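A quick note: this is a predicted structure, and the numbers were derived from the prediction, not measured. FYI, the numbering just counts along the sequence from 1.
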Amino acid sequence: MIMTSQFTGRLIGGAFGTVFIQANAGALPQHLAVPLRVLAVAGFAGLLVTRRGRTAPGGAVPAPRSGFGRRYWYVVAAEVAFLVAGLLVISRVLHAPHAFVGWIALVVGVHFFGLAAAWRRPALHALGAALTACGAVALVLAALDAPAWLTAITGGIVPGALLLASAWRAPAS
C-alpha cells in the first residue's frame, strides 16, 4: 500500500474528527453518547479499511509524496500557538473552561484556510468555514452560559462529524 500525503491527511482529519466526538459525547445522556461514540469509531475504522490500497482513476498507483512540506508545518505551528494562547486566556483570565471546545473548533477551522493556501486546495475553505462557524457559535453559547451539552454538540460533535465526513468524501489518492 502506498501512503500518499493526501491519504495521510485524510487519516489525520478522520482521527481528529473521531477524537472530537469521543471527547464531547460525554456531555450528552448516555443513551445518545454511546451510539455516537460507536459510530465515530466505526466511521474511522471504515475509512481505514475502504481507503487502504486504492488506486487513482484508470488503475494507476498514485505517486507517494514525502511529507507535507514546510508550509504545512508553519500552519500547524501557528495553530498550536493560537490554541495554547487561547486556552491559557480562557482558563486563567476568563475562567471559562466550558469555552474550550468552541476555541478549539474555531482555531482548527481557521487552520484549514492556511492549509487550503499551503496545499493549493481551495475546497478546504468550505471545511474551514464550517468548523470556524461551529467554533464561533460554541464560543457565543459558552459566553451566554448555555447548557454544556449544547456547547459540546456545536463545538465538538458537529465539527467532529464534519471532519470525518470530509475524510470520507475526499478522493483516496
Tell me which pairs pass ring pair (Phe, Tyr, Trp, His ring centres under 6.0 Å) where either residue lies in residues 130-156, with sequence neighbours left out.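 Ring pair (Phe, Tyr, Trp, His ring centres under 6.0 Å) check on residues 130-156 returns no pairs.
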Please tell me if the side chains of [X] and [Y] come closer than 4.5 Å, counting only heavy atoms from C-beta onward.
{"X": "Leu162", "Y": "Cys134", "result": "yes"}
{"X": "Leu164", "Y": "Phe20", "result": "no"}
{"X": "Val158", "Y": "Ile153", "result": "yes"}
{"X": "Leu131", "Y": "Leu163", "result": "yes"}

Taking side chain to side chain contact (heavy atoms under 4.5 Å, CB included) as the test, write out the residues that go with [X], two or more places apart.
{"X": "Tyr72", "value": "Ile12, Phe68, Val76, Leu115, Trp119"}
{"X": "Ala116", "value": "Leu124, His125"}
{"X": "Ala146", "value": "Leu141, Leu150, Thr151"}
{"X": "Val19", "value": "none"}

Would you name the heavy atoms of [X] and [Y] that are closest together and state the gap between them?
{"X": "Gly155", "Y": "Ala105", "result": "O-CB, 3.3 Å"}
{"X": "Ala161", "Y": "Ile21", "result": "N-CD1, 3.7 Å"}
{"X": "Glu79", "Y": "Val108", "result": "OE2-CG2, 3.5 Å"}

More than 12 heavy atoms of other groups within 6.0 Å of Phe16 CZ: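 Result for CZ/Phe16: open.
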Are Trp103 and Val101 linked, directly or through other ILVMFWY residues, by side chains that come within less than 4.5 angstrom of each other? no
With the 4.5 Å side-chain cut-off for hydrophobic clustering, are Trp168 and Phe112 part of the same group?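 Hydrophobic grouping puts Trp168 with Phe112.
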Please tabulate, for side-chain N and O atoms in residues 80-96, each donor-acceptor pair with protein atoms closer than 3.5 Å (sequence neighbours left out).
{"unit_1": "Ser91", "atom_1": "OG", "unit_2": "Leu87", "atom_2": "O", "d": "3.0"}
{"unit_1": "Ser91", "atom_1": "OG", "unit_2": "Leu88", "atom_2": "O", "d": "3.3"}
{"unit_1": "His95", "atom_1": "ND1", "unit_2": "Ser91", "atom_2": "O", "d": "3.3"}
{"unit_1": "His95", "atom_1": "NE2", "unit_2": "Arg92", "atom_2": "O", "d": "3.3"}

For residues 30-45, which side-chain donor-acceptor pairs fall under 3.5 Å, sequence neighbours excluded?
{"unit_1": "Arg37", "atom_1": "NE", "unit_2": "Gln22", "atom_2": "O", "d": "3.2"}
{"unit_1": "Arg37", "atom_1": "NH2", "unit_2": "Gln22", "atom_2": "O", "d": "2.9"}

Nearest 0.5 Å, what's the CH2-CZ distance between Trp73 and Arg70? 13.5 Å
Any side-chain to backbone donor/acceptor pair from Thr132 onto Val110? Under 3.5 Å, distance only. yes
